[in-house]
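In what follows, chains carry the letters A, B, and so on, assigned in the order in which the sequence lines appear, proteins first and then strands, with residues in each chain numbered from 1.
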Amino acid sequence: MNRTIAAPKGVPEYLPPASAAFIAVREALSRPARHSGYGYIETPIFEETALFARGVGESTDVVSKEMYSFTDRGGRSLTLRPEFTAGIVRAVIEHGLDRGQLPVKLWTQGPCFRYERPQAGRYRQLQQVNVEAIGGDDPALDAEVVWLAVAGYRGLGLTGWRLDLTSLGDRSCRPAYRELLQQFLRKLDLDEETRRRVEINPLRVLDDKRPEVAGQLVDAPLMPDHLCAGCERHFDAVREHLTDLGVSWSDAPRLVRGLDYYTRTTFEFVHAGLGAQSGIGGGGRYDGLMADLGGQPLSGIGFGLGVDRALLALEAEERVVVSGGRVSVYVVPLGEEARRRALVVATELRRAGVAADLAFGGKGLKGAMKAADRSGAVCAVILGERDIAEGVAQCKDLQSGTQRAVPLVDLVRTLKETLES
RNA sequence: GUGGGUGUAGCUCAGCUGGCAGAGCACCGGGUUGUGGUCCCGGGUGUCGUGGGUUCGAGUCCCAUCACUCACCCCA
C-alpha cells in the first residue's frame, strides 16, 4: 500500500502568503523584550525527562499525560520541551548566569510540544515567545514583565483581550490555604478523578468549568483572602506599578495555572474570539524553581505567549497583518539571449538592495507578464532581443501601464530612483 | 482518554427516493509569432479517504477502518 505521507497529527503549518503574518506576530510579541534589556537564549528543544518532571511538577497534566518522551540510542529518557521555563532555569544554573549581575533577563522563542488531543487553537506543536527574569523579587520586576506581554499585544494591534491577575501566595501562606481549601472541597459531591485532584493539587479544582462542579465552588475560600503580610505587600506593590504603567487588569482570585512552580504574582491573557481555548498567554512568579532544580535560591518571573493563538485572535478580530515576500521589480526575458541576461539583471538589482524576481523556465511573454503582475512588483523590466541589441530594457510601470526604454547601464540607478520617489 | 461532526478537483463546496463525476475560484493554453491586471474561447487537473457488503448498477444504502475537525478534561 502506497499512501502519501501527511503531517503528524495536530501540527499547524504556515504557508505563504499567510506565513508572513506568523512571522509578523512572533516579531511583534518579542519586540518589547528585545528593547528592554533582555538577552536572547537558545536552549535545546529536548531535555532530560527528569527536568520537566521535577521542574514543571509530577502532578500537572503537562507532565503526567502530555509529554512527548522518547528513549535515545544511549538509553536516556528525553522529552520534547512542553514549555520553556524549566529548560531556561536549567541553563542559567548550568552556565552560572546567576553569578553575575541580577536579575538575569532572557527571552526566547520557538516550538514546544504537548501530546494532547488537538482542537481549535490547541496543537501538539505550539509556538511561544517566552520571557524570564531570574534573581529579583522587586515588585517592579513583576510589573515590567507583565508590561512586556501587554506591550506585545498592543504592538500587534490586538484589542479584544483581558489580563487576569492574582497572587498564589508563597510557602509561608499557601500551605495553610491549601489545607483550608481541601477541607472545603472534601465536603463536596465530586467525581472520583476530581477527588483525587483535591488531594494532589486542590487549587486546580477551582479552575473546573463543568457547571456541576463550578456551581459548588461559589463559596470556596480564595487565595487572595489568605495571603501572608509579605505576599499581600508584594501584590499591592505590583498592582500600584501596573497602574503607574497604564496597564489595566481584572482581579481573578480563582485563576490557577497548569504548572506547579508558580508562586505570588500569576497572570493570564484571555481572548474571547478563539473558541474553547481562550488563553493566549500567561505566566507568573516561580520563587522556588531555581532551588528545586539545584541552583541557589533565587526567585524569578516569566511568561509564555502563544504565537499560534495570537494569530487566531488577530484573525478573529479580522485584523489584516502585513503581507510579505513581495518584490519591487520583476524581470521578464524574451528569447534565449535575454534569458541569460535576466538572471544577471535581477542579481544586480538585488545587490543594490532592490527586491527583485524574474521569470524562469520557458514561460511565454504573456505568462511572464502575468507572473510579474502577481508578484506585486511595482514595475516590470522587459528584456527582449531587440532591446538588448539596442543596449536598453523596457521598464513598465505595472499600475499605470506606461513603459519607457532605459539604457541597460543606467537600469539599476534609474529603478532605484523610481522606487524611492 | 471520552463524546459529536465531516471526508467528492489545488481551494470552498453541490450532487434528490441508488442510474454517464459537477459548480465557483485557482491553474494551464489560445484570442495578441514583443506586453500583465478587465474581457472572450478552450482545457477537469478526480483512487468520490480506505477496505468489504447489499444491488443489474453505489459518491449515494450497510459494516469496518483511517484521517480531519469541534467539544470535554486540561492548556499557549
Problem set entry | Nucleic acid contacts - residues 406-416 of chain A versus RNA chain B, non-hydrogen atoms under 4.0 Å | none
Problem set entry | Stretch residues 274-287 of chain A: residues that reach within less than 4.0 Å of RNA chain B through a heavy atom |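 Within residues 274-287 of chain A, the residues near RNA chain B are A:Gly275, A:Ala276, A:Gln277, A:Gly279, A:Ile280, A:Gly281.
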For [X], report the nucleic acid contact type (base, sugar-phosphate, nothing); a contact means any heavy atom under 4.0 Å.
X        : answer
A:Phe269 : nothing
A:Gly335 : nothing
A:Ala372 : nothing
A:Arg124 : nothing
A:Glu66  : sugar-phosphate

For this session: Mark up nucleotides 3-11 of chain B, 5' to 3', with B wherever a protein heavy atom is under 4.0 angstrom from a base atom, S wherever such an atom reaches only the sugar-phosphate, and - elsewhere.
Result: B--------
Seminar exercise, completed: B/S/- along nucleotides 27-35 of chain B (protein heavy atoms under 4.0 Å) is SS--B--BB
Exercise. Just how far is it from atom SG of A:Cys379 to atom CD of A:Gln399, taken to the nearest 0.5 Å?
Worked result: 11.5 Å
Seminar exercise, completed: Smallest heavy-atom separation, A:Asp287 atom then A:Ser299 atom, equals OD1-CB, 2.8 Å
Look at the side-chain N and O atoms of [X] and state whether any lies under 4.0 Å from the OP1 or OP2 oxygen of [N].
X        : N     : result
A:Arg257 : B:C74 : no
A:Arg197 : B:C74 : yes
A:Gln119 : B:A71 : yes

For this session: Decide whether A:Glu132 and A:Tyr286 meet the rule of one side-chain donor and one side-chain acceptor closer than 3.5 Å.
Result: yes
Contacts of type ring pair (Phe, Tyr, Trp, His ring centres under 6.0 Å), residue [X], not counting sequence neighbours:
X        : answer
A:Trp161 : A:Tyr153, A:Phe269
A:His234 : none
A:Tyr262 : none
A:Tyr115 : A:Tyr68

For this session: Look only at the side chain of A:Arg114 and the backbone of A:Pro82, and say whether a donor-acceptor pair between them is shorter than 3.5 Å.
Result: yes
Roughly how far apart, to the nearest Å, are [N] and [M] at atom [atom1]?
N     : M     : atom1 : result
B:U54 : B:C63 : P     : 15 Å
B:G42 : B:G34 : C1'   : 24 Å
B:G59 : B:G7  : P     : 15 Å

Problem set entry | Pairwise side-chain contact, A:Leu314 with A:Leu158, heavy-atom cut-off 4.5 Å (strictly under) |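 A side-chain contact under 4.5 Å exists here.
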Exercise. Quick one: are A:Glu315 and A:Leu312 in side-chain contact, heavy atoms under 4.5 Å?
Worked result: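 Contact flag for A:Glu315/A:Leu312 side chains = yes.
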Problem set entry | Stem segments of RNA chain B by first residue number [Watson-Crick or G-U, under 3.5 Å, at least 3] |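 Expected stems, ordered by start: B:1-7 with B:66-72, B:10-13 with B:22-25, B:27-31 with B:39-43, B:49-53 with B:61-65.
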Exercise. For A:Trp249, which residues count as a side chain to side chain donor-acceptor pair (under 3.5 Å) partner, sequence neighbours excluded?
Worked result: A:Asp251
For this session: Enumerate the residue pairs fulfilling side chain to side chain donor-acceptor pair (under 3.5 Å) with a member in residues 8-22 of chain A, sequence neighbours excluded, ordered by first and then second residue.
Result: A:Tyr14-A:Asp308
For this session: Please list all pairs passing the side chain to side chain donor-acceptor pair (under 3.5 Å) test where one or both residues lie in residues 327-348 of chain A, with sequence neighbours left out.
Result: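 Listed by first then second residue: nothing to list.
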Exercise. Are A:Arg239 and A:Phe235 in a cation-pi contact, defined as NZ or CZ under 6.0 Å from the six-membered ring centre and within 45° of the axis?
Worked result: yes
